[in-house]
Amino acid sequence: GAGFLGSHLCERLISEGQRVYCVDNLQTGLAENLRDLKRESRFAFIKHDIRDPLPQTLKVDRIYNLACPASPLHYQADPVHTLMTCVAGTRNLLEYAVHAKAAFVQASTSEVYGDPHQHPQTETYWGNVNPVGPRACYDEGKRAAEALCFDYLRLGRVDVRVARIFNTYGPRMRADDGRIVSNFVTQALTGKPLTVYGTGRQTRSFCYVSDLIRGLVLLMDLNKNPACPINLGNPREFTVLQLVKLVRTLTESRSVIAFQPLPADDPQRRQPDIHRAKEMLGWAPRVPLSQGLPPTVAWFSESLKAAKAIARPVAVANISQPVTI
Ligand code: UDP
């Protein structure tokens, strides 16, 4: 709940008038993300690692499981912890849901498709994951977590729903998470070379955080259990080089491009097929990259300034106000 997506989700739920218990081990989540929430009487923070069972003392009717480092840099930093968060952690929360009779939304990932042979990726595609590579702790962890979720559903133990989340960006991403948006924006703002891995022709499809959170809440609120995973992502596909260009223009950066080796098992193409989300949830993204990047750049710029990490004064073109969710 203290991470990038989790903190936005907590804010959304509090704004709806709900009571929220936010659980986080603060491994990659930040207490700072909860600064405003902590003033709310309906909000409580619990520092806990879900690899250990939670004491079953809280009355809850809905559980969102977003626990796990999500950037390759962070999830590979402690791979065993990552895998156990996905498997033991998800099991612990599912057992909690059995006890509390709570509905459950599992944050899964486009990484379950690995380096896909099918494009765009539909939910019926089984994926192409290297089970012994450096990304496996996350990819296979999330796949095992999905298997657990669907077992609990088939056994009639938990009303569990699974979202497969594609690359999401926006305010509160960590500047040090090593991901493409965080890296390019902070590099451009600090005048450092923009690190393009491989040829830069690989693709990703970027979803703005407000769209993603709306999708998760719709999935939880759906009356009938969909009984199948649902992709949540923005289907507009960009190459890495296209993103470099956009970020350079937006930040008026003159940073050079530094080509670096492609990380092992880096997926070459990624684009969600979102027909299922449209039909079952009535969901489609509303914020194109051209609208979502300016508030993201503004947010990174503010946090860099606050950290006094900025190397030179920065001109940020066409920055609108950060989006309130
Ligand atoms: N990437 C890059 N430069 C960076 C960070 C990432 O070229 O500084 C590439 C990376 O190789 C991948 C894509 O951007 O092809 C997305 O990487 P990210 O780590 O953001 O997320 P992923 O989708 O791989 O989990």
Side-chain angles (χ1 to χ4, degrees), residues 3-5 28 66 68-77 79 82-83 86 107-116 119-121 127-130 133-143 163-209 212 231-248 251 253 255-272 289 292-293 296-297 300 304:
F4 163 47
L5 295 182
T28 53
L66 282 76
C68 194
S71 84
L73 186 73
H74 286 162
Y75 70 64
Q76 289 172 30
T82 298
L83 189 59
C86 292
S108 190
T109 168
S110 56
E111 284 281 326
V112 299
Y113 302 121
D115 189 7
H119 194 78
Q121 292 81 54
N128 175 41
V129 171
N130 175 359
R135 295 175 91 101
C137 59
Y138 186 71
D139 299 8
E140 296 291 15
K142 287 286 187 180
R143 286 169 69 96
R164 291 184 177 156
I165 299 174
F166 284 65
N167 296 63
T168 306
Y169 71 100
R172 296 210 198 111
M173 295 185 87
R174 283 183 65 138
D176 64 354
D177 74 7
R179 283 197 272 205
I180 187 166
V181 173
S182 335
N183 273 7
F184 285 176
V185 172
T186 50
Q187 288 161 350
L189 292 176
T190 55
K192 296 200 178 109
L194 296 151
T195 51
V196 170
Y197 302 158
T199 60
R201 290 198 189 90
Q202 70 271 35
T203 69
R204 293 294 186 273
S205 307
F206 301 99
C207 186
Y208 192 63
V209 60
L212 196 277
N231 287 341
L232 291 180
N234 191 319
R236 176 78 165 81
E237 187 183 12
F238 291 84
T239 66
V240 165
L241 288 174
Q242 284 172 324
L243 186 69
V244 165
K245 207 172 157 201
L246 261 172
V247 171
R248 287 183 86 204
T251 56
S253 158
S255 289
V256 295
I257 293 177
F259 285 93
Q260 293 187 2
L262 193 69
D265 300 334
D266 197 279
Q268 284 307 288
R269 289 189 79 181
R270 184 181 288 158
Q271 181 189 31
L289 196 53
L293 264 185
T296 307
V297 170
F300 272 113
L304 285 169

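In each ligand, atom 1 is the first atom listed, and ligand 1 is the first ligand listed. Nothing fancy with the numbering, it's 1 onward along the sequence.
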(request) Measure up the Y75 and Y138 rings against each other and bin them: parallel (under 30°), tilted (30 to 60°), perpendicular (over 60°). (result)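 Ring orientation, 0 to 90° scale: parallel.
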Closer than 4.0 Å to some heavy atom of [X] - which atoms of ligand 1 meet that?
X    : result
E111 : 25 (O)
V240 : 7 (O), 14 (O)
N183 : 4 (C), 5 (C), 8 (O)
V196 : 7 (O)
N167 : 21 (O), 22 (P), 23 (O)
Q202 : 9 (C), 11 (O), 15 (O)

Specify the protein heavy atom at minimum distance from [atom]: its residue, its atom name, and the distance to 0.1 Å.
atom                    : result
atom 14 (O) of ligand 1 : I180 CD1, 3.2 Å
atom 16 (C) of ligand 1 : R204 NE, 3.5 Å
atom 25 (O) of ligand 1 : R135 NH2, 3.2 Å
atom 10 (C) of ligand 1 : D266 OD2, 3.3 Å

(request) May I ask you to check whether Q187 has an N/O atom sitting below 3.5 Å from an N/O atom of ligand 1? (result)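 No, since none of the N or O atoms of Q187 sits under 3.5 Å from an N or O of ligand 1.
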(request) Return yes or no for this condition: an N or O of P72 is under 3.5 Å from an N or O of ligand 1. (result) no
(message) Let's go through Q187 and T195 carefully: what are the C-alpha distance in whole Å and the side-chain angles of both, what is the deciding distance for side chain to side chain donor-acceptor pair (under 3.5 Å) to 0.1 Å, and is it a yes or a no?
(response) CA-CA 8 Å; Q187 288 161 350; T195 51; 2.9 Å; yes
(request) Report the C-alpha separation of R179 and V181 in whole Å, then their side-chain angles, then the decisive distance to 0.1 Å, and conclude whether the side-chain contact (heavy atoms from CB on, under 4.5 Å) test is met. (result) CA-CA 6 Å; R179 283 197 272 205; V181 173; 5.9 Å; no
(message) Please determine whether side-chain contact (heavy atoms from CB on, under 4.5 Å) holds for the pair D115 and Q202, giving the CA-CA distance in whole Å, both sets of side-chain angles, and the decisive distance to 0.1 Å.
(response) CA-CA 11 Å; D115 189 7; Q202 70 271 35; over 6 Å; no
(message) For a side-chain contact (heavy atoms from CB on, under 4.5 Å) check, start with the C-alpha distance between L232 and T168, then their side-chain angles and the critical distance, and finish with the verdict.
(response) CA-CA 10 Å; L232 291 180; T168 306; over 6 Å; no
(message) If the threshold is 4.0 Å, N to carboxylate O, is there a salt bridge linking E111 and K142?
(response)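 No salt bridge links E111 with K142.
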(request) Run the numbers on D177 and F4 for side-chain contact (heavy atoms from CB on, under 4.5 Å), then give the verdict. (result) CA-CA 11 Å; D177 74 7; F4 163 47; over 6 Å; no
(request) Nearest heavy atom to atom 5 (C) of ligand 1 wins, so pick from F166, Y169, Y197. (result) Y197
(request) Please tell me if the side chains of V129 and E140 come closer than 4.5 Å, counting only heavy atoms from C-beta onward. (result)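 Side-chain contact under 4.5 Å: yes.
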(request) Evaluate the side-chain proximity of R174 to S182: yes if any heavy-atom separation is below 4.5 Å, no if none is. (result)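 Answer no - side chains too far apart.
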(request) Please name the residue in the list R269, R270, R201 that meets the salt bridge (charged side-chain N to carboxylate O under 4.0 Å, His left out) test with E237. (result)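 Testing each of R269, R270, R201 against E237, the sole residue satisfying salt bridge (charged side-chain N to carboxylate O under 4.0 Å, His left out) is R269.
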Does some non-hydrogen atom of [X] fall short of 4.0 Å from ligand 1?
X    : result
G178 : yes
R270 : yes
M173 : no

(message) Testing the 3.5 Å rule here: is there a donor-acceptor pair between the side chains of H119 and Q121?
(response) yes
(request) Please work out whether any backbone atom (N, CA, C, O) or any side-chain heavy atom from C-beta onward of T195 is under 4.0 Å from ligand 1, and answer side chain, backbone, both or neither. (result) both
